[in-house]
Amino acid sequence: FLTLDELHRLLAECKHVPIGCPKESSHQRYKPSPRLYAAVALMGFAGLRPGEVYSLAWRDVDLCAAELAVTSYKTRGQGARRDVVPINNVVVDALETVRATIGRAPHPDSLILGVEPVHRRLAHFKGRNHRQGYVSGCRDLRDHCLRHRLKRAAKRAGLSEPERVTPYCLRHSFATALLKNGTTLH
């Protein structure tokens with residue numbers, strides 16, 4: 001897992017690494033985006049799962065109260081669970097940065113990462129086997145691209161083992177930091 005110092009170094013590098021997929025147009029590919037910065041902040045400093053980050057819409061965000069309403073679809077067959085998650089200044093700053101780049105008030109239903117979830121895009125992936133009932137965020141090439149950009153940012157941040165930096169590594173680093181500070185996870 002990453003230390004708090006490593007998380008901050010990684011987050012600083014994520015402001016400069018574009019989230020666009022390498023197979024997308026060259027304009028998107030090289031244009032820096034604060035969305036990677038927000039994704040890393042949400043996983044590393046709020047403990048969200050990648051699917052929760054992908055599915056997070058602006059209606060779920062209350063920056064004044066520093067809270068997120070997170071819908072979790074982790075367990076199939078039990079339906080969705082909605083939790084209110086407190087967020088710190090790092091996450092608030094990342095979300096404000098994303099909102100500032102939009103240039104106007106975002107639509108409440110628009111997703112923070114700006115990619116449509118798989119359940120809205122199934123028509124484009126005929127022939128692929130998607131699990132029924134599991135609704136998470138974008139799980140196509142963009143998930144792969146997020147991992148790629150994360151590893152690239154980890155290398156630029158000078159982390160000793162950038163290949164071990166994954167979205168779940170960030171989530172587990174957050175949980176480890178909470179436990180070290182005496183917080184329970186239940």
Side-chain angles (χ1 to χ4, degrees), residues 2 6-64 66-73 85 87-121 124 135-157 159 162 165-174:
L2 301 177
E6 289 174 324
L7 275 173
H8 279 287
R9 288 187 358 232
L10 178 65
L11 191 64
E13 281 302 322
C14 287
K15 282 185 176 182
H16 309 292
V17 179
I19 195 171
C21 200
K23 293 185 178 185
E24 292 178 4
S25 70
S26 61
H27 174 72
Q28 173 68 21
R29 185 174 172 195
Y30 297 109
K31 180 180 176 187
S33 170
R35 288 189 165 97
L36 179 63
Y37 175 59
V40 170
L42 287 163
M43 289 181 277
F45 290 89
L48 271 61
R49 294 177 182 90
E52 294 166 345
V53 172
Y54 296 136
S55 299
L56 197 63
W58 286 107
R59 72 175 170 277
D60 302 323
V61 177
D62 185 350
L63 293 176
C64 295
E67 293 179 339
L68 300 174
V70 178
T71 303
S72 177
Y73 296 94
V85 176
I87 54 176
N88 61 22
N89 291 340
V90 172
V91 178
V92 170
D93 177 60
L95 294 173
E96 285 176 343
T97 302
V98 171
R99 191 159 71 182
T101 61
I102 296 171
R104 57 179 163 61
H107 189 276
D109 290 333
S110 63
L111 300 176
I112 290 174
L113 289 189
V115 293
E116 288 192 2
V118 162
H119 68 281
R120 294 183 191 166
R121 296 172 49 142
H124 295 74
V135 181
S136 70
C138 181
R139 305 284 285 176
D140 60 358
L141 285 174
R142 293 183 192 271
D143 185 46
H144 170 74
C145 292
L146 176 62
R147 290 174 180 269
H148 173 76
R149 301 293 183 221
L150 195 56
K151 290 185 188 319
R152 196 164 97 186
K155 286 179 187 175
R156 287 176 42 160
L159 301 185
V165 179
T166 65
Y168 274 97
C169 172
L170 300 177
R171 175 177 161 77
H172 293 294
S173 298
F174 174 75

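All values derive from a computational prediction rather than experimental measurement. The analysis underlying the following values was restricted to heavy atoms, covering all of them including side chains, and did not include hydrogens, waters or symmetry mates.
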Closest approach of [X] and [Y], non-hydrogen atoms and distance?
| X | Y | answer |
| --- | --- | --- |
| Ala38 | Ala94 | CA-CB, 3.8 Å |
| Ala46 | Val85 | O-CG1, 4.1 Å |
| Val165 | Ala154 | CG2-CB, 3.9 Å |
| Ala57 | Pro108 | CB-O, 3.7 Å |
| Phe174 | Gly47 | CD2-CA, 3.3 Å |
| Leu11 | Ala41 | CD1-N, 3.7 Å |

For the [atom1] atom of [X] and the [atom2] atom of [Y], what is their distance to the nearest 0.5 Å?
| X | Y | atom1 | atom2 | value |
| --- | --- | --- | --- | --- |
| Leu68 | Ile87 | CG | CD1 | 4.5 Å |
| His8 | Phe45 | NE2 | CZ | 4.0 Å |
| Ser55 | Arg49 | OG | CZ | 11.5 Å |
| Lys155 | Glu13 | NZ | CD | 13.5 Å |
| Cys14 | Leu7 | SG | CG | 10.0 Å |

Considering only heavy atoms from C-beta outward, does the side chain of [X] approach that of [Y] to under 4.5 Å?
| X | Y | answer |
| --- | --- | --- |
| Leu10 | Leu150 | yes |
| Leu2 | Leu170 | yes |
| Arg99 | Leu63 | yes |
| Ile102 | Trp58 | yes |
| Val40 | Leu36 | yes |
| Leu146 | Met43 | yes |

Can you check whether [Y]'s main-chain N or O pairs, donor with acceptor, with [X]'s side chain at less than 3.5 Å?
| X | Y | value |
| --- | --- | --- |
| Asp93 | Val90 | no |
| Arg35 | Ile112 | yes |
| Asn89 | Val92 | no |

Query raised in the report: Who pairs with Arg9 by side chain to side chain donor-acceptor pair (under 3.5 Å), at least two apart in sequence or on another chain?
Result: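 By the side chain to side chain donor-acceptor pair (under 3.5 Å) rule, Arg9 matches Asp5.
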